[in-house]
Undergrad: 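To start, I am sharing the structure in question, which I have written as structure tokens.
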Amino acid sequence: MTARSTRSKTATRTRLAAVGSLAVAGALLLTACGDQTDSGGDGGSSESGKANAAPLFSKLPKKIQDAGVVKVGTNAEYAPMEYQEGGKIVGVDPDIAAALGEKLGVTFQFTSGSFDGLITSLNSGRYDVAISSITDTPARQNGLDENGKKLGPGVDFVDYFKAGTAVYVQKGNPKKINSIEDLCGQTAAVQRGTTYEQALQKQSKSCTDGGKKKITIESFDNDTEAQTRVKSGGAVAGVNDYPVAVDLARKADGGNAFQVVGEQVDAGPFGIAVNKDNKELTSALEAAVNAIIEDGTYKKILDKWGAQSGSLDKAAVNGGK
């Protein structure tokens with residue numbers, strides 16, 4: 001589930017999530033409101049591009065019209081954005097995708113894999129889109145790593161949500177951590193390849209520039225491992241999306257494992273990632289996001305998951321700065 005270049009504090013509680021890696025065998029099909037099973041839903045689609053009554057079906061590329069499916073890459077380990085429950089991938093993102101499918105007349109078919117491989121898999125053609133609490137950043141748009149090195153062609157984003165970074169610690173906060181700045185000289189756990197890992201790297205440099213000790217950053221393939229490290233005391237804190245951290249603090253061990261400290265920082269947009277050569281799909285998704293915002297479906301989904309603070313008034317393409 002990611003790099004931001006600037007960081008500003010904000011008390012606004014925004015979006016949920018960002019990510020851990022759990023492989024799901026085969027594709028899980030999205031049905032009503034985010035539930036995904038091994039059976040396909042009707043999605044309003046029809047075989048081989050036949051007549052389709054969905055309002056935005058005609059905006060889709062013919063290949064997707066014919067298939068009746070949008071293949072989605074995700075990393076289903078970031079409740080409440082996307083996670084597995086009862087053998088299904090559920091959460092804010094699957095519900096939004098299901099609503100987009102109603103407007104577009106196709107089914108969104110989710111497959112879970114590692115977060116840091118989503119964009120590569122998208123550009124290789126394995127997925128049509130990636131939806132996984134992915135922060136829209138200029139680096140990702142342009143295919144750059146954290147040092148500005150060109151890694152690939154990049155992707156376009158259709159922004160549909162916003163969220164910031166949060167720090168979580170053991171319940172009771174034994175090390176008295178109150179912000180990311182307090183992590184100088186400490187050990188922090190994070191998922192590899194995320195904007196939160198980059199946030200820690202940036203803060204660690206600020207620590208040493210200010211004459212303090214660096215942060216020892218322990219990066220893991222999935223967020224569950226990072227959480228376990230914090231829970232065991234091996235790391236004094238973890239860093240994640242604010243809504244995800246809040247959900248974790250509320251649910252883990254009945255609310256007795258973690259707590260969120262300080263305010264979220266550096267709120268930015270989450271985007272649906274699309275191959276840069278697929279402008280037609282990008283345009284169709286932008287129209288579909290705006291359609292569910294306008295008819296109230298978007299608000300109902302965010303209300304359902306307690307994610308109202310991450311709402312946007314309008315979709316944007318490549319709005320990350």
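FYI, side chains are in, hydrogens and waters are out, and symmetry mates aren't considered; it's all heavy atoms of this structure. Positions are given from 1 along the sequence. The model shown is predicted, which means the values in this text are computed figures rather than measured ones.
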Undergrad: Just by distance, do the side chain of Asp128 and the backbone of Lys71 share a donor-acceptor pair under 3.5 Å?
TA: yes
Undergrad: Taking the side chain from Asp116 and the backbone from Gly193, do they hold a donor-acceptor pair closer than 3.5 Å?
TA: no
Undergrad: Keeping the roles fixed (side chain from Ser204, backbone from Gln201), state whether a donor-acceptor pair exists under 3.5 Å.
TA: no
Undergrad: Heavy-atom distance under 4.5 Å between the side chains of Tyr160 and Ile131, does that happen here?
TA: yes
Undergrad: Could you tell me whether the side chain of Glu82 and the main chain of Val92 form a donor-acceptor pair under 3.5 Å?
TA: no
Undergrad: Side chains of Gln186 and Asp182: closer than 4.5 Å at any heavy-atom pair?
TA: no
Undergrad: About how many Å separate OG1 of Thr187 and CD1 of Ile215, when rounded to the nearest 0.5 Å?
TA: 9.5 Å
Undergrad: Once you round to the nearest 0.5 Å, how far does CG of Asp209 lie from CD of Gln203?
TA: 10.0 Å
Undergrad: At what distance, to the nearest 0.5 angstrom, does CG of Asp295 lie from NZ of Lys103?
TA: 3.5 Å
Undergrad: Between Asp93 and Phe110, what is the shortest heavy-atom contact and its length?
TA: O-CZ, 4.2 Å
Undergrad: Whether Arg250 and Asp247 form a salt bridge (side-chain N of Lys/Arg under 4.0 Å from carboxylate O of Asp/Glu) is what I want to check.
TA: yes
Undergrad: Pairs in or reaching into residues 281-292: which pass side-chain hydrogen bond (donor to acceptor under 3.5 Å, both in side chains), with residues at least two apart or in two chains?
TA: none
Undergrad: Determine, for Asp221 against Arg192, whether the closest basic-nitrogen to carboxylate-oxygen distance falls under 4.0 angstrom.
TA: yes
Undergrad: Any donor-acceptor pair under 3.5 Å linking the side chain of Glu77 with the backbone of Thr224?
TA: yes
Undergrad: Spell out, as yes or no, whether a donor-acceptor pair under 3.5 Å connects the side chain of Asn52 to the backbone of Gly105.
TA: yes
Undergrad: Determine, for Glu280 against Lys59, whether the closest basic-nitrogen to carboxylate-oxygen distance falls under 4.0 angstrom.
TA: no
